[in-house]
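Read through the structure below, which is laid out as structure tokens, and then see the notes.
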Amino acid sequence: MKRIASIITCLISIVVFAQKENLVQYVKPIIGTQRMGHVYPGATSPFGMVQLSPDTDTIPYAVNGKYNPDVYKYCAGYQYDDKTIVGFSHTHFSGTGHSDLGDFQIMPTVGKLQLNPGTADKPLSGFRSSFSHKNEVAEAGYYKVKLDDDNILAELTATTSVGMHQYTFPKTNDAHIILDLMAGIYNYEDKNVWTFVRVVNDTLVTGYKQTNGWGRTRTVYFAMSFSKPFKGYGQKNFDTKQIYRGFWRKFNQEQNFPEIAGKKIRMYFDFDTEEDEKVKIKFALSPVSQKNAIENMQNEIPDWDFEKVKLQTQENWNNELNKIVIDASNDNKINFYTAMYHAFISPTTYMDTNGEYKGLDQEVHKAAGFTNYTTFSLWDTYRALHPLFNLVQTNRNSDMVQSMIEHYNQSTLKMLPIWSHYANDNWCMSGYHSVSVIADAIIKGSYKGDANKALDACVATARKRSYENIGDYIDKGYIAAEKTDISVSNTLEYSYDDWTIAQLAEKLNRQDIYNEFIKRADNWKNNYDASVGFMRPKLADGTFKKEFDALSTHGQGFIEGNSWNYSFFVPHNPTALIDTMGGKSIFTKKLDNLFTMHLPDSFFAETEDITRDGIIGGYVHGNEPAHHVAYLYNWTYQPWKTQAQVRNIMKMQYKPTPDGLGGNDDCGQMSAWYIFSSMGFYPVAPGSSEYSIGSPLVNNAKINLENGKTFEIVVKNQSDKNVFVKNITLNGKPVNNYSIDHSEIVKGGKMIFTMSNKHN
């Protein structure tokens, strides 16, 4: 009967799936896994807590006490060029340029038990295995690979908080499943603070792991269930530095001992298997407790039907992908829907099925009426990802803003998140861009909470004098170069953030706040040196720093960029920037130079995350500060150059290949840029309701809005050569400028682009 019920459930899911266009077929998670994309190919559900994916090496963060630059390749745990897999872990960041996570790595093996991973050049010396991309399949919500050395087929899928494994073994009396509790991404000595494991019975194991890394107080609980009883189990503690071990030495803890604790533990579970027998694992996570992890498992995957879970997860993905339905070439569809897939991975759900989560105060909270999220890479994602959510993930983005407000409420510093994950703020990057996300959501009508309290949190964060030279910025209108190596970046980004606060204050009729922050929004002018035509570090005495190189990314006051790119970072006031730089003609020539110059090799010697793959001329698309720059031609006499450059960027920086991303995807920001630009418009300044017009790549697109309405984009005369916009109509009326308002989109309607091979 259970078998029949499972078949019926699958048939129902197939019917539901068929009612919408099958867009999962265009998602290729392998795109961006080679070189600088830093995405992972494994299984996850939309915005899921679990990211179950293969790790292809165990590169340490430090060697001999110094940073190991090779570790940078493994921010997502996987590199396409590697030949071995060391295991499948349950937590990963997507597309970041720094990392953490890689928790609870599992590896199936046969033969003699080995509890060391071995090395890439000698995989048989450990439990890792060689593999081939010919025997690898990566889809939305599903991953499969043949582990060649042990002849094991590994398959993975995932729900929100549970990863499901299915391993097809050969006939053997020596099958093992290794649970590596030492493994981690950006791992180093003493990163694991403590690990606890409890073997409840011969099919259920629970525990937790606490680490000190990017998130310095991160604890993750788990429950691990096997589809068949193991015949024996054991562990090895690799912590040779632990001096005091108490009186637990009375027991033999290495074999069949049910309560394990330590810093460096690997466990194993032994099985007898028949030929092609499938051993399945359900591995649930919780931010709160082992009990909650078990409940998450029971609620999300109550049985052992792997195909049913896979199909349901892919149906969930298809529902999300159908929020924008496009017509385009096959390659462009692959790029577009893979970008949507990457855009809908994070922020990630951070609460159990009962609504509980651990807050920034390390206390247990319960989300009332909202889903709590984490993984806010805000320096990246405020630019296009969260604005995209305001169009097609409106309710989720409201919950994300509420999650930021709860973060603020739990913070002893009373600050909104800078870069948060797992009940921590790792304070990465510059600016306080949560205020941009919040302002944009309220101005565009997405946020359902108390707007005035949200504004109060924004103001408190922006007035935090002790955080990264905000006090000096308030007093002087800029940050002195003596105070920090990123003085110019911070001043420019604070100025933009302050403008978003001013826009929100204006909407809420908070005139005093508006007056304060609209004045601060002009502080970018204090770092502009008219004598050289660039943003430049300024000293405490008010003079500009003498040593200056506009191409250099080292020691010039910028983070992940140079003055050539950052000098255009005034997204909230392009008109004033153009006037300051000498007018539209001079400004246009400067933009032209940016896109056509040649960067010397010395530029790349200073950068870790940028290669020539991510650059067009001197324009760095592989990093975010200049993502709006191609659209600035719309404020000049030559807006057609925006159209040409946007199409060129899409062609050069996004390809349906493993190396198809020119830089870190950064939790979906690179992908969100592509989604917007493919449809023909982009949010140059989130916090404004206007989008700037570009050059659509699709033949047409239908945005299925959460209010039940549809906004349709139709492109006439589309071709690779017809990159210029001849004219635009919106609901039959001509569009005579180069912008469209958010309110016009959410009302539903039709925008028609007519394209040409000659600029208008």
Side-chain angles (χ1 to χ4, degrees), residues 378-379 382-383 386-387 390 401 404 408 415-416 430-447 450-465 467-479 487-528 530 535 538 566-581 625 628 631-632 634-635 683-692 739 741-743:
L378 293 164
W379 184 83
Y382 83 86
R383 306 168 196 267
H386 285 281
N390 280 327
V401 170
M404 295 180 193
Y408 170 84
M415 289 186 68
L416 290 161
S430 62
Y432 32 83
H433 297 304
S434 51
V435 307
S436 170
V437 175
I438 292 169
D440 198 48
I442 294 173
I443 288 168
K444 291 175 180 172
S446 299
Y447 181 51
D450 189 321
N452 277 288
K453 286 186 177 179
L455 175 58
D456 291 340
C458 292
V459 170
T461 302
R463 288 177 178 168
K464 193 69 176 180
R465 296 179 62 88
Y467 177 71
E468 201 157 23
N469 307 114
I470 288 178
D472 289 341
Y473 167 82
I474 293 172
D475 295 341
K476 287 179 170 290
Y478 70 96
I479 299 169
S487 61
V488 187
S489 292
N490 276 353
T491 297
L492 296 176
E493 294 187 42
Y494 291 167
S495 298
Y496 161 73
D497 287 334
D498 292 344
W499 174 83
T500 69
I501 294 175
Q503 303 314 296
L504 179 54
E506 184 176 43
K507 180 178 178 64
L508 299 178
N509 296 315
R510 300 275 294 272
Q511 192 64 39
D512 56 333
I513 300 299
Y514 173 81
N515 292 340
E516 175 185 349
F517 283 90
I518 199 66
K519 181 180 178 181
R520 285 171 55 160
D522 278 342
N523 282 343
W524 60 270
K525 296 177 181 177
N526 296 322
N527 274 116
Y528 183 75
M535 300 292 177
K538 183 177 281 190
Y566 257 108
S567 289
F568 296 104
F569 189 80
V570 189
H572 55 291
N573 201 345
T575 300
L577 177 65
I578 291 169
D579 290 343
T580 301
M581 285 189 167
H628 67 292
Y631 287 89
L632 294 182
N634 281 343
W635 279 264
V684 167
S688 164
S689 60
E690 287 193 349
Y691 301 94
S692 190
S739 68
D741 196 83
H742 181 81
S743 62

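We count residues from 1, following the sequence as given.
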Looking at CG of Asn527 and OG of Ser487, how far apart are the two atoms once the value is rounded to the nearest 0.5 Å? 6.0 Å
How many angstroms lie between CZ in Arg383 and CG in Leu378, if you round to the nearest 0.5 Å? 11.0 Å
Across all chains, not counting sequence neighbours, the side chain to side chain donor-acceptor pair (under 3.5 Å) partners of Ser489 are none
Give me the atom names and distance for the closest heavy-atom approach of Ala685 to Pro571. CB-O, 3.3 Å
Non-neighbouring partners of Ser567 that pass side chain to side chain donor-acceptor pair (under 3.5 Å), sequence neighbours left out: Ser563
Gap separating the CE atom of Met415 from the CD1 atom of Ile470, nearest 0.5 angstrom: 5.5 Å
Residues two or more places apart in sequence or in another chain: which of them pass ring-ring contact (aromatic ring centres under 6.0 Å, His included) with Tyr566? Phe558
Just how far is it from atom CG of Leu504 to atom NZ of Lys507, taken to the nearest 0.5 Å? 8.5 Å
What residues, two or more places apart in sequence or in another chain, satisfy side-chain contact (heavy atoms from CB on, under 4.5 Å) together with Asn526? Tyr478, Asn523, Lys538
Could you pull out every donor-acceptor pair under 3.5 Å between side chains of residues 450-458 and any protein atom, sequence neighbours left out?
unit_1 : atom_1 : unit_2 : atom_2 : d
Asp450 : OD1    : Asn452 : N      : 3.1
Asp450 : OD1    : Lys453 : N      : 3.1
Asn452 : OD1    : Arg510 : NH1    : 2.9
Asp456 : OD1    : Arg510 : NH2    : 2.8

N/O donor-acceptor pairs under 3.5 Å from side chains in residues 573-581, not counting sequence neighbours:
unit_1 : atom_1 : unit_2 : atom_2 : d
Asn573 : OD1    : Ala576 : N      : 3.2
Thr580 : OG1    : Ala576 : O      : 2.8

Side chain Ser692, main chain Val684, donor-acceptor under 3.5 Å: no
I'd like to know if the side chain of Thr491 reaches the main chain of Ile479, judged simply by a donor and an acceptor atom lying under 3.5 Å from each other, with no hydrogens or angles considered. yes
Beyond-backbone contact of Trp524 with His572, side-chain heavy atoms, under 4.5 angstrom: yes
Only pairs under 3.5 Å count here: list side-chain donor-acceptor contacts from residues 512-520, not counting sequence neighbours, and write none if there are none.
unit_1 : atom_1 : unit_2 : atom_2 : d
Asn515 : OD1    : Gln511 : NE2    : 3.0
Asn515 : ND2    : Gln511 : O      : 3.3
Glu516 : OE1    : Arg463 : NH2    : 2.6
Glu516 : OE2    : Arg463 : NE     : 3.2
Arg520 : NE     : Asp498 : OD2    : 3.0
Arg520 : NH2    : Tyr432 : OH     : 3.1
Arg520 : NH2    : Ala462 : O      : 2.8
Arg520 : NH2    : Asp498 : OD1    : 3.4

His433: what forms a side chain to side chain donor-acceptor pair (under 3.5 Å) with it, not counting sequence neighbours? Glu493, Asp497
Any chance the rings of Phe569 and His628 have centres within less than 6.0 Å? yes
Closest non-hydrogen atom pair, Tyr382 against Pro686: O-CG, 3.3 Å
Which residues pass the side-chain contact (heavy atoms from CB on, under 4.5 Å) test with Ser739, sequence neighbours left out? Glu690, Asn737
Which donor-acceptor pairs under 3.5 Å do the side chains of residues 436-447 make with protein atoms, sequence neighbours left out?
unit_1 : atom_1 : unit_2 : atom_2 : d
Ser436 : OG     : Tyr496 : OH     : 2.8
Asp440 : OD1    : Lys444 : NZ     : 3.0
Asp440 : OD1    : Gly687 : N      : 2.8
Asp440 : OD2    : Asn390 : ND2    : 2.9
Asp440 : OD2    : Lys444 : NZ     : 3.2
Ser446 : OG     : Asn390 : OD1    : 2.8
Tyr447 : OH     : Gln402 : OE1    : 2.7

With sequence neighbours excluded, residues passing side-chain contact (heavy atoms from CB on, under 4.5 Å) with Asp472: Asn469, Lys483
Who pairs with Tyr473 by ring-ring contact (aromatic ring centres under 6.0 Å, His included), at least two apart in sequence or on another chain? Tyr494
